[in-house]
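Indexing begins at 1, ligand by ligand and atom by atom, following the structure's order. Bear in mind the structure is a predicted one, so any value in this text is a computation, not a measurement.
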Amino acid sequence: EAKREGRNKYRLFADELSLKAQARRSLELDLRHALAHDQLSVYYQPQVDPRSSTFEGAEALVRWFHPERGSIAPIDFIAIAEEAGLIAKLGEFVLREACREAANWPEATRIAVNLSPIQLRDRQLPNIVRAILNQTGLPAERLELEVTESALLHDDGVTYSNLHTLQACGIRIALDDFGTGYSSLSYLRRFPFSKIKIDRSFVSQVPHDADSMAIVETVITLAHRLGMTVTAEGVETHAQLHFAALKDCQQAQGYLVGKPMDAEELRLQFLEEKQLKVGT
Ligand code: C2E
Ligand code: MG
Ligand code: MG
Ligand code: MG
């Protein structure tokens, strides 16, 4: 009797597992299809100088509008893309699309693109990036690549050499989600970062939590002392924007400034207006 019960329990568990595995497998197939049939798109989230409100550039964020499931968030498919061996293709798509779009923006602006740790471990990465810059005509100085600490953790040297090669081409490297990973300050010395992006989890606590405010302020100072610029991520309130400006943080990004939007919307809201301002 007990044996049978155990078996039934096992079967239930196995069924549940295979359901999960099936769902995942079907999402993977859909993603493969989406990549092959241009069903992914790139959204852009503006980055401004909090002191002057000047538009400085945008971060490219991939979007997937599934024909049946609707919009699927990157957290729900980036990991699948990584495990299924699709991230290189996805990453190239976003990079090409974003560079092509940003090539039409004003000269002083920049486009930031996220890189997966897997892309960073590919020895071909610098060649791929250079080829895309050539194809799209975007100057290297206007491209910023965002990496997270998790990409640096188990580096066997390829990531290190890729980042130095890319930096030597004039491309900027930003350290994303700073403070959430295994934050080792030695990364700031070892890798050629031009920018630190302070994670939203700290910024969102301003001005209610004194410790978070101290951390944000200290990271800004640290970045400046190391000759880097800083972006405050996830700015949602005027108090947060004012705090960033007050502490001389050069960039703010977040829903208060603008949510991620399609290229057309960004042009309408930030670029045409900017050109008007410059012209008048
Ligand atoms: P991330 O690079 O840190 O991007 C910022 C995320 O925070 C975006 O989520 C953005 O929509 C969200 N965000 C920005 N401002 C606010 C705010 O004020 N409040 C709140 N609540 N959220 C805000 P998204 O687009 O869902 O992307 C999530 C993550 O997925 C990204 O985090 C990045 O790690 C990854 N990701 C997105 N696109 C790509 C891509 O093309 N390639 C790779 N490898 N990863 C990507
Ligand atoms: Mg990012
Ligand atoms: Mg981030
Ligand atoms: Mg994040």
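- Contact of the Asp76 side chain with the Leu27 side chain is not registered, since no non-hydrogen atoms from C-beta on lie closer than 4.5 Å.
- Counting heavy atoms under 4.0 Å from ligand 1, residue Val42 does not touch it at all.
- Within the structure, the closest approach of Gly234 to ligand 1 falls below 4.0 Å when heavy atoms are considered.
- Of all the heavy atoms in Phe243 and Met213, the pair that sits closest is CE1-CE, 3.5 Å.
- Here the side chains of Tyr44 and Trp105 are in contact, with some heavy-atom distance below 4.5 Å.
- In this structure, Glu56 and Gln250 approach most closely via the heavy-atom pair OE1-O, 3.8 Å.
- Applying the 4.0 Å criterion to heavy atoms of Asp177 picks out, from ligand 1, the atoms 3 (O).
- Looking at Lys197 against ligand 1, nothing comes within 4.0 Å, counting heavy atoms.
- Among all heavy-atom pairs drawn from Phe193 and Ala174, the shortest one is CD2-C, 4.0 Å.
- When each atom of ligand 1 is checked for a heavy atom of Ser116 under 4.0 Å away, the hits are 44 (N).
- With salt bridges taken as basic N to acidic carboxylate O contacts below 4.0 Å, one links Arg51 and Asp248.
- With a 4.5 Å cut-off on side-chain heavy atoms, Leu143 and Cys99 count as touching.
- Under the side chain to side chain contact (heavy atoms under 4.5 Å, CB included) rule, Ile132 has a single partner from Glu97, Arg100, Arg96, which is Arg96.
- Salt bridge absent: Glu236 and Arg200 never bring a charged side-chain N and a carboxylate O closer than 4.0 Å.
- For ligand 1, the atoms sitting less than 4.0 Å from at least one non-hydrogen atom of Val62 are 38 (N), 39 (C), 40 (C), 41 (O), numbered in the order shown with element in parentheses.
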Worksheet item: Going through the distances and angles, do Arg142 and Thr109 end up as a side-chain hydrogen bond (donor to acceptor under 3.5 Å, both in side chains)?
Response: CA-CA 7 Å; Arg142 297 188 46 214; Thr109 62; 3.1 Å; yes
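- A salt bridge (Lys or Arg N to Asp or Glu O under 4.0 Å) check over residues 129-138, counting only residues at least two apart or in different chains, returns nothing.
- Those atoms of ligand 1 with a heavy atom of Pro260 less than 4.0 angstrom away are 11 (O).
- Taking every heavy atom of Glu233 and a limit of under 4.0 angstrom, the matching atoms of ligand 1 come to 3 (O).
- Inclusion of Gln253 in the set of residues having an N or O under 3.5 Å from an N or O of ligand 1 is not warranted.
- Between Glu92 and Lys89 there is no salt bridge, since no side-chain nitrogen of the basic residue lies less than 4.0 Å from a carboxylate oxygen of the acidic one.
- Polar contact with ligand 1: absent for Gln119 (N/O pair, distance under 3.5 Å).
- Atoms of ligand 1 lying under 4.0 Å from any heavy atom of Gly254, numbered from 1 in the order shown and given with element: 15 (N), 18 (O).
- Within the sub-2.8 Å shell of the Mg ion (ligand 2), the protein contributes these N/O/S atoms: Glu59 OE2, Asn114 OD1, Glu146 OE1, Asp176 OD2.
- With respect to Glu28 and Arg32, a salt bridge is recorded, a charged nitrogen being found less than 4.0 Å from a carboxylate O.
- Under a 4.0 Å heavy-atom criterion, Glu59 is in contact with ligand 1.
- Of all atoms in ligand 1, listed by their number and element, those nearer than 4.0 Å to a heavy atom of Ile78 are 43 (C), 45 (N), 46 (C).
- Of all the atoms in ligand 1, the ones that sit under 4.0 Å from a non-hydrogen atom of Val94 are 41 (O).
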